[in-house]
Amino acid sequence: MWTFCVDMKTCPRILFLHDNLFLTPDANVKIVFRLIQYLLDHYNVDISLMGRATSTEEYVGEYQGCRLIHEPHIRVNESMRLKKKLGRWNILRYILMPRTISYHIHKDVEPYVVEARKWLKKHIGEYDVVIATCSPYYPLLLASEISEHCPVIFYKIDPVATFPIPNNPNQDTYLATMDREISFDSCASKIITTDVIFKYYNQLPTRVNADKVVLLNYPNIVERKLSTDADCAIVTSFDKTKINMCFIGTFYQDIRNPQFLLNLMQQLQNTNMVLHIIGNIGNCGALIKEYTSADNSNIVYHGVVSPIMADDIMLQADILVHVGNASDAYMPSKMLDYISSGKPILNLCKIPSCPTLPLMARYPLGLTVYEYDELTENIISKVVKFCDDNTGKQIPFTMISELYYDSTIEYVGQKFYEVIESVIK
């Protein structure tokens, strides 16, 4: 076990393990980089991030003061290119690139994890603390494997064993079992997560590591301003004679199904209300297409946009629409993004225990509708009245930051640093 002590007057060397880098619209990426930026701006720290680039623009050595580590991803890409080039003779890659033999041996994990293991084994002595995020979950695996050589903090932005989308093919769910979570957590010095996630964590066998948990909200209460991006085509295409309602996020058939919202908008076809859907619609594509292609449709799907454009859209929408989850196991961070804007929020809840309810109870410009109630004329009238009465209104950020101080980057960032400091010492 590591037994060293670092003087915090020196510059702590911090390594974040996260999946994607900085250009994806993924909510977890925004949270991680917001924290990294706050730590770099307010403390004497040296931060590196190991992740997978999704575009050539991300293959840079540094981003806003954070060193980016690409070597494991580059190695995997080299092997993939060689395999493709060799075609039916691809077995020769084991001779031409011997390191790929390890990919074949360690079939339980993807090649990137194999390469990341090698890199960490070689470089872990260069860091004072490792912070592993999720999801996906392989950063927890990697961090647990080097915990004897360096203290480890887990930042559980998402649940692990209690994640409500167990069959999501984009998640490495084979790592998200109860036994694995307990095993990983036994290697961590501290675990940072939200109270919503901890509620179930502390009811299950995972509570054996509950003494390591530090509760922090998502640091999403941040003052947002319009960018100078002249290419924000979606916003400029809004019909100003309409009430432009915007959903920005991701739909899933099982946990965040848009059926109720689509039915609601269908009932509002003869009004001046238009719904703009921005984001990933996943396996709800056929359903969305059915409603957007209908005659007299007042629903427009714009696809996935950059994080900067998503913020611009949010700030210029008339009404923001939030669709809650069918599970209360975790809090969608998008709700705090919406609240930061100060714009009117129509919140659609699927369950009576929706984690958004305590947040909305503090919000002066919100209307909550329960999807399990029948879509009656009374509900439709309430929605219309709310939109008519509140279009054009916006709560000042000074009020927002006071109401939700515990979700500001200043509060969460300071508490996050205190955890880092305690672990290193």
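The analysis underlying the following values was restricted to heavy atoms, covering all of them including side chains, and did not include hydrogens, waters or symmetry mates. FYI, the numbering just counts along the sequence from 1. Because the structure is a prediction, the values reported are computed rather than measured.
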Listed once per pair and sorted, the salt bridge (charged side-chain N to carboxylate O under 4.0 Å, His left out) pairs that draw on [range], sequence neighbours left out:
range            : value
residues 90-109  : R99-E115
residues 298-308 : none
residues 339-364 : K350-E371

For [X], side-chain contact (heavy atoms from CB on, under 4.5 Å) partners two or more places apart:
X    : answer
D318 : I243, N244, T391
T292 : I288, I299, Y301
I101 : Y94, I105

Could you tell me which residues satisfy ring pair (Phe, Tyr, Trp, His ring centres under 6.0 Å) with [X], sequence neighbours excluded, listed by chain and number?
X    : result
Y103 : none
Y218 : none
F397 : none

Results of salt bridge (Lys or Arg N to Asp or Glu O under 4.0 Å) for K199 - residues two or more places apart only
D328
Indicate the atoms forming the closest heavy-atom contact of R52 with Y138, along with that distance.
NH2-CE2, 3.4 Å
Are F416 and Y155 close enough that their ring centres sit under 6.0 Å apart?
yes
Kindly say whether [Y] contributes a backbone atom to a donor-acceptor pair with the side chain of [X] at under 3.5 angstrom?
X    : Y    : value
Y404 : N220 : no
R256 : T250 : yes
Q37  : F33  : no

Show me the donor-acceptor pairs within less than 3.5 Å that the side chains of residues 77-88 make with the rest of the protein, sequence neighbours left out.
unit_1: N77; atom_1: ND2; unit_2: Y59; atom_2: OH; d: 3.0
unit_1: S79; atom_1: OG; unit_2: V76; atom_2: O; d: 2.6

Which residues share a side chain to side chain donor-acceptor pair (under 3.5 Å) with T56, sequence neighbours left out
none
